[in-house]
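Report on the following structure.
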Amino acid sequence: MNLPFISAATCCIHRGAKNHSGDDTMLDLKLMQKNPELVRESLKRRGSTLDVQEFLTMDEKRKALIAEVEELKAERNKAGGEIARLKREKQDASEIMERMAVVSARVKELDGELNEVEAAEKEWLMAVPNIPHEDVPFGESEDDNPDVRYWGEKPTFDFAPKEHWELGAELDGLDFERAAKLTGSRFCVQKGWAARLERALAQFMLDTHVTEHGYTEMVVPTIVNRTTMTGTGQLPKFEEDLFKLENWEYYMIPTAEVPLTNLYSGEVLDEDQFPILFCAHTPCYRSEAGSYGKDTKGLIRQHQFYKVEMVNFAHPDHSYQALENMTACAETILKKLKLPYRVIELCTGDIGFSAAKTYDIEVWLPGQDKYREISSCSNCEDFQARRANIKFQPKDSKKKLYAHTLNGSGLAVGRTLVAVLENYQQADGSLVIPEALRPYMGGLEVVTP
RNA sequence: GGAGAGGUAGCGAAGUCCGGCCGUAACGCGCUCGACUCGAAAUCGAGUUACGGGUACCCCCCGUACGUGGGUUCGAAUCCCACCCUCUCCGCCA
């Protein structure tokens, strides 16, 4: 059976009724064929060791097999009509039938080989990361990410500012010990004001995006199937980062980007629907495999945290403007909270698998004396749209095109709570509630020990 | 958990019992273009799947796809097996 690469394939076991007919090809097959140098160069810039030649060899083999098998199939189809005619006319067709038995056996053989090559090719393609935009600066690691801009004044303290977990515990808001008892490490119980602050932040963020930025608020599943995880690029490569339900091909989302972006998988959008702006407040689950020893204390790196996520579907001509807009939306939250931050651009060595260009927003944490990531905004161009098969119908052409998808945190709620704690702490051990949040906190201005 | 119905183009839907002239897929809707009209509606006419391969522009030719995967057969939307999804009723449940 012939598995088309760019369209209606079905590499995944789980396939929704109608809207998951998407192929899960990662890169444009044609791009690989026509311009392998570009891909080779892109992989090199990312520091990947994937060998483009390996793919090209497979593709040659695939084409040769297709040529052979299709010739036989054409012959078989012709003979089929002939057999039908002879039988209708009550004539003997056994000679053709015998010959076709041989042809069919050969077809079956070749189809088997073809399937193997296509599966291997697909596996290879699925492991290729997106091609970074040509403007993305070269770099080998996060140390090479250039600053883009800074905002706000770092607060000054006439005492040694505490880290958030210390302050949170002293104010009886954060309880890591009991969370460890309930589950294990990297979980937290939030109590009283800290629980409400979490809710206030989420609500404040959602309200801002909905009423000021034009986003549509969504509630989506936070457990999704394998196809959905593949559509946005979490699978097949990063399975170990995910929590998976036992005995199910279901996964807990590491970000609402996954369900929000896949909302339109297998669909064709209207050009004038753009830009489509969705946001959602969801829990996020990450195994944090490989991060042993990193941020072991506090709320920074948890197995479960809440995030308000923004997802855009954009016209290819406007997706980079959309990325600037989305980043500004995330920054707005920090500005309203009066939290100092900086924006950096991820270099080729640090950019995520699915992204073509990414801005990270880092908030200032006085307790840690560092900027820490609180948002990441990416333009994935058509990378996810290909995998999830999200197209749109341009007005001025017949050909359907892939949409561009973007995603960004707006913001990670837990980390925002950390930033509020560390930036708004007072000498007497109390915590001032940022003005923007007070309406959501029943007017509360200060949390005291 | 029990019983039943269903999955075919952008949508609805025929075809499945009795395998082949039924997949550029009947019929209807929608959409595009044209005719009529001052213009519009109505009406009439024409067009309208995706991908892969040959030719890496178009045309054209060939192949594949009727939820998914397998089986039977010279040949499968149609017959057989397994699975997925949707809907209805019953039971249970926040």
Side-chain angles (χ1 to χ4, degrees), chain A residues 1-25 28-38 56 58-108 110-119 121-122 125 221 224-228 230 247-250 262 264-273 385-387 389-402:
Chain A
M1 166 154 291
N2 212 354
L3 208 67
F5 270 85
I6 313 264
S7 80
T10 115
C11 90
C12 290
I13 313 152
H14 283 271
R15 193 177 176 182
K18 274 205 129 155
N19 48 356
H20 282 106
S21 57
D23 186 331
D24 306 318
T25 301
D28 189 352
L29 177 64
K30 290 222 159 70
L31 178 66
M32 285 293 301
Q33 292 168 339
K34 291 181 193 176
N35 202 346
E37 267 317 306
L38 178 68
L56 294 175
M58 284 191 285
D59 201 49
E60 283 311 309
K61 187 173 178 195
R62 179 178 68 93
K63 284 184 183 174
L65 282 168
I66 284 174
E68 192 178 352
V69 77
E70 285 194 352
E71 194 178 330
L72 293 176
K73 282 180 178 173
E75 185 184 346
R76 187 178 66 182
N77 289 344
K78 262 186 164 173
E82 186 66 7
I83 291 169
R85 188 183 62 80
L86 288 173
K87 291 213 163 185
R88 230 178 299 121
E89 295 171 1
K90 304 267 193 271
Q91 294 186 46
D92 179 37
S94 55
E95 192 194 318
I96 307 186
M97 282 164 63
E98 276 168 34
R99 217 172 60 228
M100 285 308 110
V102 177
V103 169
S104 282
R106 178 66 181 150
V107 163
K108 199 167 183 177
L110 290 171
D111 267 341
E113 284 181 48
L114 187 57
N115 274 341
E116 278 179 34
V117 175
E118 289 186 335
E121 234 175 304
K122 175 164 291 241
L125 283 173
V224 301
N225 63 33
R226 195 177 169 84
T227 302
T228 300
T230 306
N247 299 327
W248 294 71
E249 283 294 302
Y250 284 179
N262 279 285
Y264 288 135
S265 67
E267 298 192 33
V268 180
L269 306 169
D270 284 331
E271 186 173 15
D272 49 23
Q273 282 180 270
R386 280 179 194 286
R387 295 171 75 107
N389 194 21
I390 304 165
K391 294 186 173 178
F392 72 97
Q393 179 64 63
K395 282 205 182 341
D396 54 2
S397 101
K398 227 185 117 188
K399 188 89 177 157
K400 298 177 180 71
L401 299 176
Y402 287 108

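Model, not experiment: these values are computed from the prediction. Throughout, a chain's letter reflects where its sequence line sits, starting with A, and its residues are numbered from 1.
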Exercise for the section: Write down the distance between NZ (A:K122) and C1' (B:rG52), rounded to a whole number of angstrom. Expected result: 12 Å
Completion exercise
Result for 5'-nearest mapping on RNA chain B, choosing between A:A74 and A:M100, is A:A74
Problem - Over 12 non-hydrogen atoms of neighbours within 6.0 angstrom of CD in A:E71 - result: no
Handout entry: Pairing nucleotide - B:rG75, Watson-Crick or G-U, each distance under 3.5 Å
Key = none
Handout entry: Value in whole Å for how far the C1' atom of B:rA9 lies from CD of A:E267
Key = 16 Å
Completion exercise
A:I66 atom CD1 is separated from B:rC62 atom P, nearest whole Å, by 17 Å
Exercise for the section: Identify the nucleotide, in any strand shown, that forms a Watson-Crick or G-U wobble pair with B:rG10, with both distances under 3.5 Å; if there is none, say none. Expected result: B:rC29
Practice task
Indicate the atoms forming the closest heavy-atom contact of A:I390 with A:Y264, along with that distance.
Solution key: CG1-O, 3.4 Å
Fill in the blank from the handout: Checking B:rC51, B:rC74, B:rC62 against the side chain of A:M97 (C-beta onward), the nearest is B:rC74
Practice task
Using both distances under 3.5 Å as the test, list the Watson-Crick or G-U wobble partner of B:rU86, or none.
Solution key: B:rA5
Problem - A:K108 side chain near B:rG70 phosphate (N/O to OP1/OP2, under 4.0 Å) - result: no
Practice task
Find the partner of B:rC44: check Watson-Crick (N1-N3 plus N6-O4 or O6-N4) and G-U wobble (N1-O2, O6-N3) distances, both under 3.5 Å, and reply none if neither fits.
Solution key: B:rG34
Problem - Between A:S265 and A:N262, a side-chain donor and acceptor under 3.5 Å - result: no
Problem - Span that lies between the C1' atom of B:rA13 and that of B:rG6, in whole angstrom - result: 13 Å
Exercise for the section: Report the distance from atom CD of A:E71 to atom C1' of B:rC62, rounded to the nearest whole Å. Expected result: 10 Å
Exercise for the section: Decide yes or no for A:R106 and A:L72: does some side-chain heavy atom of the first lie under 4.5 Å from some side-chain heavy atom of the second? Expected result: yes
Practice task
Could you check how far OH of A:Y402 sits from P of B:rA50, rounded to whole Å?
Solution key: 12 Å
Exercise for the section: For B:rU16 versus B:rA77, give the span between their C1' atoms, rounded off to a whole number of Å. Expected result: 7 Å
Problem - Spacing of the C1' atoms in B:rU8 and B:rU78 (rounded, Å) - result: 12 Å
Practice task
Identify the nucleotide, in any strand shown, that forms a Watson-Crick or G-U wobble pair with B:rC92, with both distances under 3.5 Å; if there is none, say none.
Solution key: none
Practice task
Can you tell me, in whole Å, how much space there is between the C1' of B:rC84 and that of B:rU72?
Solution key: 23 Å
Exercise for the section: May I ask you to say what A:R88 touches in the nucleic acid, namely base, sugar-phosphate or nothing, with a heavy-atom cut-off under 4.0 Å? Expected result: base
Fill in the blank from the handout: A:Q393 CD to B:rG30 P, in whole Å, measures 19 Å
Exercise for the section: Measure the distance from NZ on A:K73 to P on B:rG52 and round it to the nearest whole Å. Expected result: 16 Å
Problem - Separation between the P atoms of B:rC29 and B:rC81, rounded to whole Å - result: 39 Å
Exercise for the section: For the pair A:M100 and A:V103, evaluate side-chain contact (heavy atoms from CB on, under 4.5 Å) and give the outcome as yes or no after the intermediate values. Expected result: CA-CA 5 Å; A:M100 285 308 110; A:V103 169; 3.9 Å; yes
Exercise for the section: Report yes if a side-chain nitrogen or oxygen of A:N77 is closer than 4.0 Å to either non-bridging phosphate oxygen (OP1 or OP2) of B:rU64; otherwise report no. Expected result: yes
Completion exercise
Tightest non-hydrogen contact, residues A:A93 and A:I83, listed as CB-CG2, 4.2 Å
Practice task
Indicate, with a heavy-atom threshold strictly under 4.0 Å, whether A:A79 touches base, sugar-phosphate, or nothing.
Solution key: nothing
Practice task
Return yes if the base of B:rG52 and the side-chain atoms of A:E70 contain a donor-acceptor N/O pair under 3.5 Å, otherwise no.
Solution key: yes
Problem - Residue-phosphate contact under 4.0 Å: A:K87 side-chain N/O, B:rC21 OP1/OP2 - result: no
Handout entry: C1' spacing across the pair B:rU48 / B:rA9, given as an integer number of angstrom
Key = 10 Å
Problem - Distance, P atom - from B:rA40 to B:rG34, rounded to whole angstrom - result: 11 Å
Practice task
If B:rG19 has a Watson-Crick or G-U wobble mate with both distances under 3.5 Å, name it; if not, just say none.
Solution key: none
Practice task
Compare side-chain N and O positions of A:S94 against OP1 and OP2 of B:rC74 and report whether any pair is under 4.0 Å apart.
Solution key: no
Fill in the blank from the handout: Rounded to whole Å, CG of A:L114 lies from P of B:rG53 at a distance of 11 Å
Practice task
For B:rA25 and B:rA42, measure between their P atoms and round to the nearest Å.
Solution key: 26 Å
Problem - Base-pairing mate for B:rU64 - Watson-Crick or G-U, with both contacts under 3.5 Å - result: B:rA50
Exercise for the section: Could you tell me whether A:K87 and A:D92 make a salt bridge, using a distance below 4.0 angstrom between a side-chain N and a carboxylate O? Expected result: no
Handout entry: Phosphate contact (B:rG52 OP1 or OP2) by A:R62 side-chain N/O below 4.0 Å
Key = no
Exercise for the section: Hey, which sits more toward the 5' end of RNA chain B by its nearest nucleotide, A:I96 or A:K63? Expected result: A:K63
Practice task
Using only side-chain N and O atoms of A:K400, determine if any of them is under 4.0 Å from OP1 or OP2 of B:rA50.
Solution key: yes
Problem - A:Q91 atom CD, over 12 foreign heavy atoms within 6.0 Å - result: yes
